[in-house]
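Just so you know, ligand 1 is whichever comes first in the structure, and atom 1 is the first atom listed for that ligand. Note that these values count all heavy atoms, side chains included, but never hydrogens, waters or copies made by symmetry. In this chain, numbering begins with 1 at the start of the sequence shown.
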Amino acid sequence: MNTNYQFTLKNETTQTDYELSTLCGTVGPDVLDMQTLYQRTGMFAYDPGFTSTASCKSKITYIDGDAGILMYRGYPIEELAEHCTFLEVCHLLLTGELPDQTQLHKFTDDIIHHTLLHDQLTNFFKGFRRDAHPMAIMVGVVGALSAFYHDALDIRSKEDRDMCAIRIIAKIPTIVAMSYKYSIGLPFMYPRNDLSYVENFMRMMLGNPCEEYRPNPVLVRALDRILILHADHEQNASTSTVRLAGSSGANPYACVTSGIVCLWGPAHGGANEAVLNMLLEIGSVDNIDRYIKKAKDKSDPFRLMGFGHRVYKNFDPRAKLIRDTCYEVLDALNLHDDPLFKLALELERIALEDPYFVEKKLYPNVDFYSGIVLKALGIPSNMFTAMFAMGRSVGWIAHWDEMISDPNQKIGRPRQLYIGEPQRAVKPLASRG
Ligand code: SDX
């Protein structure tokens with residue numbers, strides 16, 4: 001990393017200048033190196049929501065929000081979605097390179113042979129009510145994985161960290177499918193080693209033990225692409241949560257669980273479920289104007305779910321790719337006239353012509369169309385965020401690995417601006433009030 005030029009910070013009161021150096025990345029905004037700010041000035045940098053803060057250096061993903069660019073390890077998302085499978089992308093995110101034939105065969109074999117859960121884990125499901133939200137079940141069961149591998153885990157060992165990554169990528173689909181089966185009272189389906197990663201998941205999720213299940217290859221490819229599009233996204237809220245949890249040296253399975261917890265929020269990965277519920281609530285094209293008005297009304301908490309993004313101030317490239325996938329899936333299922341898709345297309349058209357959305361640069365994000373595709377694939381809306389977690393798990397574990405293997409890694413510990421009470425003496429109980 002080059003340190004190219006200096007910034008001078010001037011305290012006008014004391015007439016003191018502080019020289020700040022900058023760091024330049026491969027591409028994208030340079031950063032002001034603030035690591036010694038407090039030590040030199042006695043002041044903190046204030047940035048709630050981290051809107052202007054680079055929390056780390058990373059080689060994994062690059063986003064240009066103004067240009068609508070997303071790259072994994074330098075490869076544009078559009079090319080990866082067209083030419084690669086999800087497991088190829090997992091290998092890329094974890095190692096930095098796309099696999100050759102031999103590497104892909106070994107990686108796929110490793111994943112396939114770790115899809116089973118320890119049979120004791122099935123007992124964890126039985127503690128939940130059948131109507132428990134699948135994300136609550138995911139938090140419990142993925143968190144429980146940390147109890148099963150805690151001992152054989154030296155996070156300073158690259159070999160142990162690689163095994164964690166394999167286990168997470170391999171077992172999360174099994175857990176997602178089991179969460180669904182449990183919620184509808186159907187028996188768990190065991191994974192099968194003769195199926196591809198996505199075929200295996202679809203069979204565990206949508207098949208049953210009484211008959212053969214072979215998913216439509218168009219739908220398999222569509223779901224594989226959706227996982228690619230959700231695999232990573234730089235320092236988003238859930239990935240930052242995983243990094244912060246991991247910075248204390250916590251068990252990686254528990255760290256991934258912290259990512260699942262954060263992703264569940266409707267402002268983050270919970271938005272895909274919220275989009276579908278919103279479209280069902282809008283119900284008809286005739287009601288769109290009323291909901292657009294609600295979204296613009298500051299006194300109304302309603303927001304247009306699936307719109308807006310902290311980084312993208314242009315089209316989220318993933319939204320375009322998922323919209324294209326929507327057409328493919330609905331075509332394959334003869335659902336050309338799917339009312340929800342038509343409603344979503346019209347809502348997008350009207351919103352993108354509305355001055356409020358144009359001025360605030362609010363465009364459809366990854367969650368706007370994903371729910372429509374997942375619903376067409378037969379996946380219920382309360383499973384949508386679990387599907388997001390299934391795709392994002394590789395990004396979480398890739399960032400965890402990058403963080404924990406950094407020789408300069410230290411525990412994350414932000415400070416604050418204290419605005420509470422000044423020091424005061426405790427009054428005896430009898431004299432309070
Ligand atoms: C994901 O970070 C990532 O990378 C996340 C993600 C990933 O892959 O990990 O991309 C996945 O989380 C996508 C986002 C999914 N969430 C939603 O679709 C929920 C709806 N969107 C918003 O809640 C909002 O846009 C956020 C949370 C996504 C971004 O919020 P910011 O960056 O904090 O922006 P903001 O809330 O400050 O909004 C700026 C302005 C505000 O108005 P003003 O106060 O300036 O007048 O835009 C308005 C907001 O009120 N606004 C919206 C809006 N989103 C922002 N108004 C109506 N509808 C919306 N959806």
query = Near ligand 1, which residues have a heavy atom under 4.0 Å away from one of its atoms?
reply =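 Answer by chain and number: His233, Asn236, Pro266, Ala267, His268, Ala271, Ala295, Lys298, Arg303, Leu304, Met305, Gly306, Phe307, Gly308, His309, Arg310, Arg318, Tyr356, Lys360, Leu362, Asn365, Asp367, Phe388, Arg392.
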ask   = When the ring planes of His133 and Trp264 are compared, do they come out parallel, tilted or perpendicular, using 30° and 60° as the limits?
value =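 Correct class here is tilted.
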request  = Sequence neighbours left out, what pairs pass salt bridge (charged side-chain N to carboxylate O under 4.0 Å, His left out) with at least one residue falling in residues 292-301?
outcome  =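 Of all non-adjacent pairs touching residues 292-301, those that pass salt bridge (charged side-chain N to carboxylate O under 4.0 Å, His left out) are Lys294-Asp300, Lys296-Asp354.
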key: For Ala245, side chain to side chain contact (heavy atoms under 4.5 Å, CB included) partners two or more places apart   =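 Counting only residues at least two positions away or on another chain, Ala245 forms a side chain to side chain contact (heavy atoms under 4.5 Å, CB included) with Cys255, Ser258.
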task = Enter the distance from Leu9:CG to Met43:CE here, rounded to the nearest 0.5 Å.
result =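 Output value for this atom pair is 8.0 Å.
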Side-chain atoms of residues 84-93: list all donor-acceptor pairs with protein atoms under 3.5 Å, sequence neighbours left out, distances to 0.1 Å.
unit_1	atom_1	unit_2	atom_2	d
Thr85	OG1	Glu88	N	3.3
Thr85	OG1	Glu88	OE2	3.2
Glu88	OE2	Thr85	N	2.9
His91	ND1	Thr95	OG1	3.3
His91	ND1	Glu97	O	2.8

key: Residues, nucleotides or ligands: over 12 heavy atoms within 6.0 Å of Tyr190 OH   =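 No, the 6.0 Å shell around OH holds no more than 12 heavy atoms from other groups.
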